Each structure stands twice: as C-alpha cells, then as structure tokens.
Amino acid sequence: MKAEILIKQERCKGCNICVSFCPKKVLKLDTLGKVQVIDGEACIACGQCELRCPDYAIYVDKKVNA
Amino acid sequence: MRSYDKYFRENRLPHMWCPGCGNGIVMKAIVQAIEAKNLDQDKTVIVSGIGCSSRASGYMNFDTLHTAHGRAIPFATGIKLANPELNVIVITGDGDCTAIGGNHFIHGARRNVDLTVILFNNNIYGMTGGQASPLTPLGKKATTAPYGSVDRPFDPCHLAEAAGATYVARSTAYHVKHLSDMIFQGMGNKGFSFIEAITQCPIAYGRKNKLGDAPEMLKWMSETAVMKAAYDKLPEEKREGKFPIGVFYNSEFTEYTTAYQKVIDLAGGAR
Ligand SMILES: Cc1ncc(C[n+]2csc(CCOP(=O)(O)OP(=O)(O)O)c2C)c(N)n1
Ligand code: SF4
Ligand code: SF4
C-alpha cells in the first residue's frame with residue numbers, strides 16, 4: 001500500500017462523495033452506509049476523498065518508508 | 001489529525017448538517033484560509049446569522065457569535081468598531097444575506113467596514129425546508145415556488161461591488177483549494193470583502209429539482225464554473241449555462257473604522 005487511509009467511522013454520514021471522486025475505486029459504502037476501503041492497494045494518495053469529505057471523516061497520507 | 005483541527009470545536013463534531021451538505025466543505029476552506037493567513041485565534045471573531053450555514057460558528061474554535069436572522073453584518077460592524085484590532089469573519093446564507101439581511105449587506109459594503117463576509121450560497125432556505133431565496137435561479141422549484149421561480153435572482157457579487165465592497169470573489173465547494181484562496185485574499189483586503197461560496201444542499205434544493213445526489217451536484221459545479229480569465233474570453237453563446245469564478249473586483253477605499261477614528265479624534269473622545 002502506497003498510502004495510509006484513516007476513517008473516523010462515527011463521523012461518516014455515507015454521502016458517497018469520497019467514493020465518487022476516488023479515481024481508483026478504493027472506497028465503497030458498507031451495508032450500514034459507512035465508508036470502507038475495498039482496495040487499499042490501488043490507492044495513489046491523491047487525497048481527493050479527504051479534500052471534499054464534508055464531515056472530516058476520511059484522511060489519507062502518503063506512506064513514508066522507514 | 002491535521003494542523004487545522006485546532007480551529008474546530010472537535011467535541012461538537014459530527015456537525016448537524018445533512019449527509020452530503022456542502023457546508024462542511026466550505027467551513028474547512030475557511031479554517032484553512034485562517035491557518036494560511038496565520039490569524040491569531042484569540043483575535044479572530046466569527047459572526048453568523050441564522051440558517052443551516054450560520055450554524056458553522058458553533059463548530060469553530062474562536063470567539064463566536066450566532067446572531068439574529070439577517071443581522072450578522074450589523075453585529076460584526078459593532079465588534080469591529082469597538083475593537084478594530086480584531087479580525088472579523090462573517091458567515092451567512094443566501095436568505096440570511098440577501099433576503100432579510102439584504103439591507104444590512106449593502107450598507108456594510110457601502111461603509112467598507114473591514115469584514116470578510118462568506119456567503120454560503122445553496123440557492124435555497126435550507127433550514128426551514130426549502131423556500132425560495134433571492135438567489136434561487138429562474139425556473140428552479142422551491143416549496144414557495146412549486147412551478148418554478150419567476151423571481152429574477154440577484155447576482156450577489158454584482159450587488160456587493162455596486163454597493164461599495166472593495167474585494168469581491170466567487171468559488172465553489174468543488175473547487176475547495178481555490179475557494180480557500182479566495183477567502184485568504186479577502187482576509188488580506190482592508191475593507192469589506194465578499195466571497196460567494198456556491199455550495200450544495202442536496203436535501204432541500206437538489207432533491208426538489210432532481211439535481212442528483214451530492215457528488216452529482218459537485219460535478220455540476222466542476223462542469224459549469226469557469227475561471228474568470230477564461231470566462232471573459234468566451235463568446236456570448238458559449239457562456240450559456242456557465243458561470244465565472246475568481247476575483248471579480250478589488251479596489252481601495254478608506255476603511256470605515258479608520259474613518260470613524262478621525263471622528264473620535266475630532267470630537268476629543270477617549271482614544
Ligand atoms: C426574524 C426571523 N425570520 C425568519 C426566521 C426563520 N428562518 C430561519 S432560517 C431561515 C432561512 C435560512 O436560509 P439561508 O439564509 O439561505 O440559510 P441556509 O439554511 O440555506 O443555510 C428562515 C427564514 C427566523 N429565524 N428569524
Ligand atoms: S465523503 Fe466523508 S461523510 Fe461522505 S461517505 Fe465519504 S467519508 Fe463518509
Ligand atoms: S437542509 Fe440543505 S443546507 Fe441544510 S443541512 Fe441539509 S443539506 Fe445542508
């Protein structure tokens with residue numbers, strides 16, 4: 001994984017904005033309507049999800065190799 | 001998590017806005033501008049009126065004032081006059097600013113009070129369930145316009161400029177970074193700065209007008225907003241259905257509290 005994705009589940013309202021703007025289909029809403037990572041390997045850390053999440057529920061950082 | 005978290009009252013989150021509401025995006029753009037501008041948290045005051053958008057003041061970690069409907073600008077003017085050192089930021093909705101507060105808006109601009117006014121334009125009265133506002137576009141439906149609005153909307157940017165604002169800009173919730181930059185530049189202007197932030201209300205406006213969900217409303221912004229420089233070069237027929245974003249106006253004029261200090265000095269007042 002090139003990126004670390006942090007989700008604050010209790011803040012997510014399932015609006016689908018992050019899912020729609022992710023260019024790599026990394027995210028999907030689960031059956032309860034909360035965002036989940038379905039393909040973390042594909043994430044390029046572009047940050048499009050974090051940029052427009054109205055609820056500050058998702059954060060992405062580039063992984064720094066130790 | 002992020003350096004700007006300190007500008008939020010995190011114990012008040014999640015906020016009360018509906019799923020997909022753009023207000024959260026605009027609020028983040030504001031705090032990022034505050035951070036970039038390095039404004040002193042103890043010398044920055046957030047003033048809002050009434051409406052969904054005006055609830056933002058309750059989530060922001062500054063001295064905040066949630067005032068009466070349409071009256072944010074008068075309260076903010078009072079704060080600025082009493083203590084010109086403060087950075088005063090106004091958060092208002094399209095109903096709050098251009099309907100009940102329309103008069104206060106033009107006179108705040110006329111006086112060129114040093115305020116940064118951010119209008120969250122969702123084209124509707126969100127909080128009260130979707131009545132038409134003076135910014136509801138022609139033909140769009142609202143609970144008070146079931147056949148589509150026949151009332152010609154204002155262009156709030158033109159209105160601000162004509163009334164005397166010295167900085168006027170527009171951006172959208174889609175263009176978050178650009179929006180934040182428009183606000184940042186507005187904070188740098190000594191005088192009345194007006195920034196229109198186009199934002200989505202998927203619940204009271206989008207649903208009624210079949211505009212799709214929040215992501216679709218954001219995509220509409222990305223497809224119809226054009227940077228001012230490019231928009232200015234478009235032939236008339238290609239402007240159809242598009243709108244410009246960017247800085248529309250920037251000028252210099254004596255700021256109100258500066259002018260008022262002269263009155264105080266002349267009258268031999270306390271300061
Ligand atoms: C004096 C007064 N009149 C009417 C209302 C009812 N009211 C509350 S919010 C609102 C409209 C809000 O619309 P807008 O400013 O566009 O904000 P939004 O909710 O869309 O963010 C109205 C009419 C009120 N609170 N006070
Ligand atoms: S954008 Fe935010 S609130 Fe909306 S589904 Fe994604 S994480 Fe949840
Ligand atoms: S009614 Fe509209 S403006 Fe109000 S919180 Fe819901 S989506 Fe946002």
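No experiment lies behind these values; they were computed from the predicted model shown. The chains referred to below are lettered A, B, ... by the order of the sequence lines, with proteins before strands, and numbering in each begins at 1. Values below: all heavy atoms of this structure, side chains included; hydrogens, waters and symmetry mates excluded.
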*Please check if the distance between the ring centroids of Phe194(B) and Tyr167(B) is under 6.0 Å.*
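Between Phe194(B) and Tyr167(B), the centre distance exceeds or equals 6.0 Å.
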*Any sub-3.5 Å donor-acceptor pair from Arg52(A)'s side-chain atoms to Val176(B)'s backbone N or O?*
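Pair absent, no side-chain N/O of Arg52(A) close to backbone of Val176(B).
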*asked:* Test your reading of the model: is there a side-chain donor-acceptor pair from Lys208(B) to the backbone of Lys141(B), 3.5 Å cut-off?
replied: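 Not confirmed, Lys208(B) side chain does not pair with Lys141(B) backbone.
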*Partner chain A: residue of Cys18(B), Cys21(B), Ala214(B), Gly24(B) with the largest heavy-atom pair count (under 4.5 Å)*: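 Of the options given, most contacts go to Gly24(B).
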*What residue in Val26(B), Asn23(B), Asp213(B), Leu13(B) has the most heavy-atom pairs under 4.5 Å with chain A?*
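Top option by heavy-atom pairs under 4.5 Å: Leu13(B).
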Examine the side chains of [X] and [Y] and answer whether a donor and an acceptor come within less than 3.5 Å of each other.
{"X": "Ser57(B)", "Y": "His66(B)", "answer": "no"}
{"X": "Gln41(B)", "Y": "Thr44(B)", "answer": "no"}
{"X": "Gln36(A)", "Y": "Asp30(A)", "answer": "no"}

What part of [X] gets closer than 4.5 Å to chain A, counting heavy atoms only: side chain, backbone, both or neither?
{"X": "Gln200(B)", "answer": "side chain"}
{"X": "Tyr174(B)", "answer": "both"}
{"X": "Tyr59(B)", "answer": "neither"}

*Leading residue by heavy atom contact count with chain B [cutoff under 4.5 Å; candidates Arg11(A), Glu10(A), Lys8(A)]*: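 Ranked by heavy-atom pairs under 4.5 Å with chain B, first place is Arg11(A).
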*asked:* Report which part of Gln48(A) has an atom under 4.5 Å of a heavy atom belonging to chain B: side chain, backbone, both, or neither.
replied: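 The answer is neither part of Gln48(A).
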